[in-house]
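For reference, the structure is listed below as structure tokens.
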2 protein chains.
Amino acid sequence: MTQKDDFQLQDFLPYLLNQAAEESSLAFQQIYKDRYGMLRTEWRVLFHLGIYGEMSAKDIGTRTKVHKTKISRAVAKLEERRFLTRRRDESDRRLEYLSLTKAGLATYAELRSVAVDYDSQLTSKFSHEELTVLRRMLRMLAHID
Amino acid sequence: MTQKDDFQLQDFLPYLLNQAAEESSLAFQQIYKDRYGMLRTEWRVLFHLGIYGEMSAKDIGTRTKVHKTKISRAVAKLEERRFLTRRRDESDRRLEYLSLTKAGLATYAELRSVAVDYDSQLTSKFSHEELTVLRRMLRMLAHID
DNA sequence: CCTTGTTAGTTACAAAATCAACCGTTAACT
DNA sequence: AGTTAACGGTTGATTTTGTAACTAACAAGG
């Protein structure tokens, strides 16, 4: 394992971002996976509906930039578990609005509180100013807002 | 789509990091995938060998935190394409050292230059100071160094 | 109306990731 | 030496994802 090159992989932003994203998601993933039997897209859909209320699969896909087939399957799984219900838009019958059931809302509330705790644990190592800079830069990189 | 909650998904660090990581990897992924027919783990292995020279699959797995089955399959694919060769460690015959062939090195050099260009394009929106802060924070989150 | 195109969402099939079990080798302990 | 455990790496079965093609519904232009 001898040095042969001066390119620094850990300074290459896409790589570094992926490493940070994976590592920082790990413990949270454990929880929604092991404790709630959910996949990544599923908790994301759950959270979107929990936060924004009724919205369509298309809306969620646009916001998360997740492909519609993944959304479709996540929605089907959440519906099967009675976490959400669908409602046809009568003026445009292609659309269906999704909203959480009581059970879905309860699960969202639980996971949300896990997320809040987890986030404050993650961010505890940094100052408020640093976090402001970090979030702004990440949002720019993610093309959010 | 009515507001129902004040939890901000785009401030939840694991989510924000994943969005930034995915978006910032997209165009680079297009290149190694479409132009070089590679998978994520494959370019990572290629880069590790290009940067550090000869190393074992285990070493790569430790550094990248990628599971050994994924490494094993990426190595097999790269070997099949004659980008690397294996050499048994005679003092511990479980280990094999991987190193790039001439063709592997050439491909690495090409992709490396793409990566350098791509990175400077990504980082051009930020100041040197901001980038220093960002990298330091990401390394802490990724538990690198 | 009637084509042609587009959209929201689903499905089928191929590709890839995950997980457990496996092989051969080395290490540790008795 | 002999047993047991651990390690590096591979393989096979299952799950998840990606890609394309498909409904069904709407929209625009003739």
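The aromatic ring centroids of A/Trp43 and A/Phe28 lie less than 6.0 Å from each other. Aromatic rings of B/Phe7 and A/Phe47 (six-membered ring for Trp) have centroids within the 6.0 Å cut-off, being under it.
Classification of B/Glu23 and A/Lys65 as a salt-bridged pair holds, one side-chain N sitting under 4.0 Å from a carboxylate O. Note on B/Arg139 versus A/Asp11: salt bridge recorded, some NZ/NE/NH1/NH2 to OD/OE distance being below 4.0 Å. Salt bridge A/Asp92/A/Lys58: absent, no basic N to carboxylate O contact under 4.0 Å.
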Check: Base, backbone or nothing for each nucleotide of nucleotides 19-27 of chain C, written B, S, -, heavy atoms under 4.0 angstrom, 5' to 3'?
Finding: BB---BBS-

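Within the structure, the side-chain hydrogen bond (donor to acceptor under 3.5 Å, both in side chains) test picks out the following pairs touching residues 71-81 of chain B (sequence neighbours left out): B/Glu79-B/Arg86.
Of the possible donor and acceptor atoms, none in the side chain of B/Ser24 sits under 3.5 Å from a partner among the backbone N and O of A/Leu141. With hydrogens and angles disregarded, no donor-acceptor distance shorter than 3.5 Å links the side chain of A/Thr41 to the backbone of A/Ile71.
Nucleic acid contact class of A/Ile71 (heavy atoms, under 4.0 Å, all strands): none. Contact annotation for A/Arg88: no contact, since no heavy-atom pair falls under 4.0 Å across all strands. In this structure, A/Arg86 reaches the sugar-phosphate backbone alone: every heavy-atom distance under 4.0 Å involves primed, P, OP1 or OP2 atoms, never a base.
Running 5' to 3' along DNA chain D, contacts with non-hydrogen atoms of chain A at under 4.0 Å begin and end at D/dT16 to D/dC26.
When rounded to the nearest whole Å, the span between CG of A/Leu98 and C1' of C/dT10 equals 14 Å.
Of the two residues contacting DNA chain C, namely B/Arg40 and A/Glu96, the nearest-nucleotide position lying further toward the 5' end is that of A/Glu96.
A/Ser72 has a side-chain polar atom (N or O) that falls below the 4.0 Å cut-off from OP1 or OP2 of C/dT10.
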